[in-house]
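Working notes for the structure below.
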2 protein chains.
Amino acid sequence: MFAHQDSETRFDHPNYIILKQQKPTESELEILGILWERGASTVREVHEKLAETKEAGYTTTLKLMQIMYEKGLLTRDASSKTHIYAAAVSQQETQQQLLNKMIDTVFGGSATQLVMQALGHHKSSGEELDQIRKYLSEIEKQQR
Amino acid sequence: MFAHQDSETRFDHPNYIILKQQKPTESELEILGILWERGASTVREVHEKLAETKEAGYTTTLKLMQIMYEKGLLTRDASSKTHIYAAAVSQQETQQQLLNKMIDTVFGGSATQLVMQALGHHKSSGEELDQIRKYLSEIEKQQR
DNA sequence: ATTTGTTTACGAAGATATTCGTAGATGTTC
DNA sequence: GAACATCTACGAATATCTTCGTAAACAAAT
């Protein structure tokens with residue numbers, strides 16, 4: 001029911017031909033977030049981090065990560081007994097994908113609306129605001 | 001499994017005591033988006049709009065909206081045969097809720113990151129950029 | 001080598017979301 | 001009022017997501 005997805009060839013994966021980045025679910029995003037931050041990690045490590053915020057059994061985390069691997073969201077190194085997983089999709093790409101969807105359905109298509117809403121309710125330091133100003137100028141420069 | 005929700009009293013609803021804004025699902029968000037844009041509408045109208053992007057039967061849309069009504073996401077006027085639905089949750093509040101979650105899990109907690117990512121990949125007119133600059137100044141003023 | 005602990009694999013139950021067929025109510029047209 | 005169209009209500013099938021128990025593999029400790 002969600003948007004159609006282009007197929008593409010990939011290696012380093014049992015299926016060989018898999019769908020391009022499937023939309024991660026809620027739980028999957030949490031795990032991706034941890035892997036982006038920590039870099040390659042074991043299930044145990046991810047689970048530990050996860051348990052700080054959320055109640056869940058170890059095998060639940062394991063199963064999730066196995067599924068994510070099958071989907072192509074994670075890669076893994078199974079050379080030692082304790083497998084090591086890493087995110088297979090980039091943080092940037094995923095962010096963009098989710099942002100686009102969100103802008104479209106919830107912000108009536110206006111990225112500006114989203115930006116202002118995000119700025120309004122998050123205390124940003126003066127430094128951060130300056131950083132954004134700088135960024136704005138760059139964009140304007142590029143567009144010319 | 002998701003964050004706990006405070007209970008609160010409400011009227012204009014069969015249950016009387018319902019949970020505070022449940023997290024809308026993907027499909028529900030699409031419908032909310034349409035209602036925010038169009039204002040109060042019939043199922044038929046929402047369905048028509050929905051069908052522009054998405055494949056779905058009429059009764060599917062109907063059922064969804066009925067469920068959303070039961071959840072308290074929509075209100076409805078059933079005085080005439082053809083019921084008229086409206087969003088019961090504000091666009092702003094919902095936007096903020098989703099943004100917060102997203103900043104937290106996908107942007108490592110940094111609203112600034114989100115803003116820059118959003119600005120980077122959406123062509124914004126010079127006008128819009130100015131609007132954002134103005135907004136930045138206001139925020140700075142308020143914080144002092 | 002037996003116990004103990006940690007790991008993966010697997011299957012299946014439970015929870016939630018999505019889809020749609022069918023029936024009955026209501027309204028409209030001829 | 002009979003035929004037709006449109007609407008709601010309801011139930012159930014399907015699909016997807018989440019959770020976890022159990023077993024087998026493996027390693028380390030006694």
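Proteins come first, then strands; the chains are lettered A, B, ... in the order of their sequence lines, and each starts at number 1.
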Has the side chain of Q91(B) got a donor or acceptor atom that lies under 3.5 Å from a matching backbone atom of V106(A)? yes

With sequence neighbours left out, what residues match T60(B) under side chain to side chain contact (heavy atoms under 4.5 Å, CB included)? none

Counting any heavy atom closer than 4.0 Å, what does T25(A) reach on the DNA or RNA strands: base, sugar-phosphate only, or nothing? sugar-phosphate

Are L119(B) and I139(B) grouped together when hydrophobic residues (ILVMFWY) are joined by side-chain heavy atoms under 4.5 angstrom apart? yes

Of the candidate nucleotides dC17(D), dT8(C), dT18(C), which contains the atom at the shortest distance from the side chain of L64(B)? dT18(C)

Winner on side-chain proximity to T82(A), out of dT8(C), dT18(C), dC10(C), is dT8(C)

Identify the stems formed by DNA chain C, where each pair is Watson-Crick or G-U wobble with both distances under 3.5 angstrom and a stem is at least 3 consecutive pairs. C:1-30 with D:1-30

According to a 4.5 Å side-chain heavy-atom criterion applied to Ile, Leu, Val, Met, Phe, Trp and Tyr, with indirect links allowed, do L73(A) and I67(A) form part of one hydrophobic cluster? no

Any side-chain to backbone donor/acceptor pair from E28(A) onto M68(A)? Under 3.5 Å, distance only. no

Does S125(B) reach the main-chain N or O of E128(B) with its side chain, forming a donor-acceptor pair under 3.5 Å? yes

Check every strand shown and say whether T60(A) touches a base, only sugar-phosphate, or nothing at a heavy-atom separation below 4.0 Å. base

Measure from the side-chain N and O atoms of D104(B) to the backbone N and O of N100(B), and report whether any donor-acceptor pair falls under 3.5 Å. no

Within the structure shown, what part of the strands sits under 4.0 Å from E28(B) by heavy-atom distance: base, sugar-phosphate, or nothing? nothing

Is there a side-chain polar atom (N or O) of R44(A) under 4.0 Å from OP1 or OP2 of dT6(C)? no

Indicate whether OP1 or OP2 belonging to dT7(C) is found under 4.0 Å from a side-chain N or O atom of R76(A). no

Check this for me: does any side-chain nitrogen of one of E140(A) and R133(B) sit under 4.0 Å from a carboxylate oxygen of the other? yes

By nearest atom, which of the nucleotides dG11(D), dA12(C), dA9(D) is closest to the L62(B) side chain? dA9(D)

Does a nitrogen or oxygen in the side chain of Y58(B) sit under 4.0 Å from OP1 or OP2 of dT8(D)? yes

Please list, pair by pair, any protein nitrogen or oxygen found under 3.5 Å from a nitrogen or oxygen in nucleotides 24-27 of chain C.
{"unit_1": "dT26(C)", "atom_1": "O2", "unit_2": "K81(B)", "atom_2": "NZ", "d": "3.2"}

OP1, OP2 of dA9(C) versus side-chain N and O of Q66(A): anything below 4.0 Å? yes

Closest nucleotide among dC17(D), dC10(C), dT8(C) to the H83(A) side chain: dT8(C)

When clusters are formed by joining ILVMFWY residues with side-chain heavy atoms under 4.5 Å apart, either directly or through shared neighbours, do Y69(B) and L35(B) land in the same one? yes

Measure from the side chain of K71(B), starting at C-beta and using heavy atoms only, and say which of dA17(C), dA9(C), dT18(D) lies closest. dA17(C)

